[in-house]
**Q** 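First, the structure itself, so that you have it in front of you.
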Number of protein chains: 2
Amino acid sequence: MANRKTTSALDEHLGYWLRMVSNHVSNGFARKLEGHGATVAEWVLLRELFDVEALAPSRLAERMGMTRGAISKLADRLTEKKLVARADDPDDQRAHRLSLTVAGRELVPELAALADENDASFFADLTALERANIEAILRKIVVRRGLKDIPVS
Amino acid sequence: MANRKTTSALDEHLGYWLRMVSNHVSNGFARKLEGHGATVAEWVLLRELFDVEALAPSRLAERMGMTRGAISKLADRLTEKKLVARADDPDDQRAHRLSLTVAGRELVPELAALADENDASFFADLTALERANIEAILRKIVVRRGLKDIPVS
DNA sequence: ATGATGTTGTTTCCTAGTCAACTAAATTCG
DNA sequence: CGAATTTAGTTGACTAGGAAACAACATCAT
């Protein structure tokens, strides 16, 4: 037993490699979105609204793993851009309902194409088996640990 | 050819699952670090300095994938906490050299233990084979795409 | 050696989040 | 019913980063 345990290096953690790849994927996507005047958070919000008639900010906050404050400001920006509309909830004087404008609805498929492209190009180096493997493993972690939203930070 | 292509959902992208898991790992680690008064960026900087006598802020910026401005402020916080010391570079009047203080050097193994624990607990659900697989796949992406730093954003 | 160019680190301004306090409205319960 | 509590959304103070301008110094080409 000659060696004391040595302080582990950054890259000895699986989390390190995960963060490296994940941040590059998100970053690449963010750069692609920039060209269309959108951010990742904006894309996610728009996509969430896409297959629903309308949604309350609070629900979006839960689904997106952001605070209500953040959603409030995000919605401000998107209404400013005329991509999202705020309407009063007829059943609850406090509540709002966010929905896509026509322009917003038209933008979603365009951004979805960028997302597809980004994902495809990033994982193009992998074999079909590798892609299936990594997805299965990630899903397993999500299920086992009961992860439900994506914390932004 | 009955069906038009449908707008892809968020979770149809590998990047989605990657981000979900990666953000949870980082977030969990951040919460653990909080109890020790440190942030993830601080941990990374301290760990980078750990196996080197001293390093210029610019080098750290490259290695950490952050701007020099960000490193400047990060170094401010760490010197404020007496974990890092700034010294003039004798060979270059512009340059500085950052190094760990005794307290900083003592803190690193403590935080490394947290990192180990966080990583282990997070991937505990996986089999050894799954862990080996995901690491190999992530490393392959890093190599193939020539990723060298971790963009923070 | 000197003038152009490049590099180092800091600083200012901006962005997009968090957190906590707040207002108004809804709900619960005694 | 009416008071206490909960919920919805906004706001303000704060944080950690990026981008770009900057001053000081170094390097390089003549």
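Residue numbers begin at 1 in each chain, while the letters A, B, ... track the order of the sequences. We use all heavy atoms of the structure for the numbers below, so side chains are in, but hydrogens, waters and symmetry mates are not.
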**Q** Can you work out whether A:I71 or A:Q93 has the more 5'-proximal nearest nucleotide on DNA chain C?
**A**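 Its nearest nucleotide being more 5', the pick is A:I71.
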**Q** Is the side chain of B:R105 donor-acceptor paired with the backbone N or O of B:F50 at a distance under 3.5 Å, no angle test?
**A**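 Flag set: sc B:R105 to bb B:F50 pair under 3.5 Å.
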**Q** Would you please confirm or rule out a distance under 4.0 Å between OP1 or OP2 of C:dT27 and any side-chain N or O of A:R94?
**A**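 Result: no.
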**Q** Please evaluate the base of D:dG9 for a donor-acceptor partner in the side chain of A:R68 within a cut-off of under 3.5 Å?
**A**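 Flag set: donor-acceptor pair detected.
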**Q** Categorize B:R77 for me: base, sugar-phosphate, or nothing, with a 4.0 angstrom heavy-atom threshold over every strand shown.
**A**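 Result for B:R77 = sugar-phosphate.
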**Q** Can you measure A:E42 atom CD to C:dG17 atom P for me and round it to whole angstrom units?
**A**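 Result: 8 Å.
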**Q** So, OP1 or OP2 of C:dT8: does either fall under 4.0 Å of a side-chain N or O from B:R86?
**A**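 Checking C:dT8 against B:R86, no side-chain N or O comes under 4.0 Å of OP1 or OP2.
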**Q** Using OP1 and OP2 only, check whether a side-chain N or O of A:S72 sits under 4.0 Å from D:dG9.
**A**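 For D:dG9, neither OP1 nor OP2 has a side-chain N or O of A:S72 closer than 4.0 Å.
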**Q** Confirm from the modelled atom types if B:K73 and D:dG18 form a donor-acceptor pair under 3.5 Å, side chain to base only.
**A**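 Answer yes: a donor N or O sits under 3.5 Å from an acceptor.
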**Q** So B:D92, base contact, sugar-phosphate only, or nothing? Heavy-atom distance under 4.0 Å.
**A**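 Sugar-phosphate, backbone atoms only, no base.
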**Q** Any donor and acceptor pair, going by atom type alone, linking the side chain of B:R63 with main-chain N or O of B:E48 inside 3.5 Å?
**A**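 No, B:R63 side chain to B:E48 backbone: no donor-acceptor pair under 3.5 Å.
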**Q** For D:dG9 and A:R97 - does any side-chain N or O of the residue sit under 4.0 Å from the phosphate oxygens OP1/OP2?
**A**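 False: A:R97 side-chain N/O out of range (4.0 Å or more) of D:dG9 OP1/OP2.
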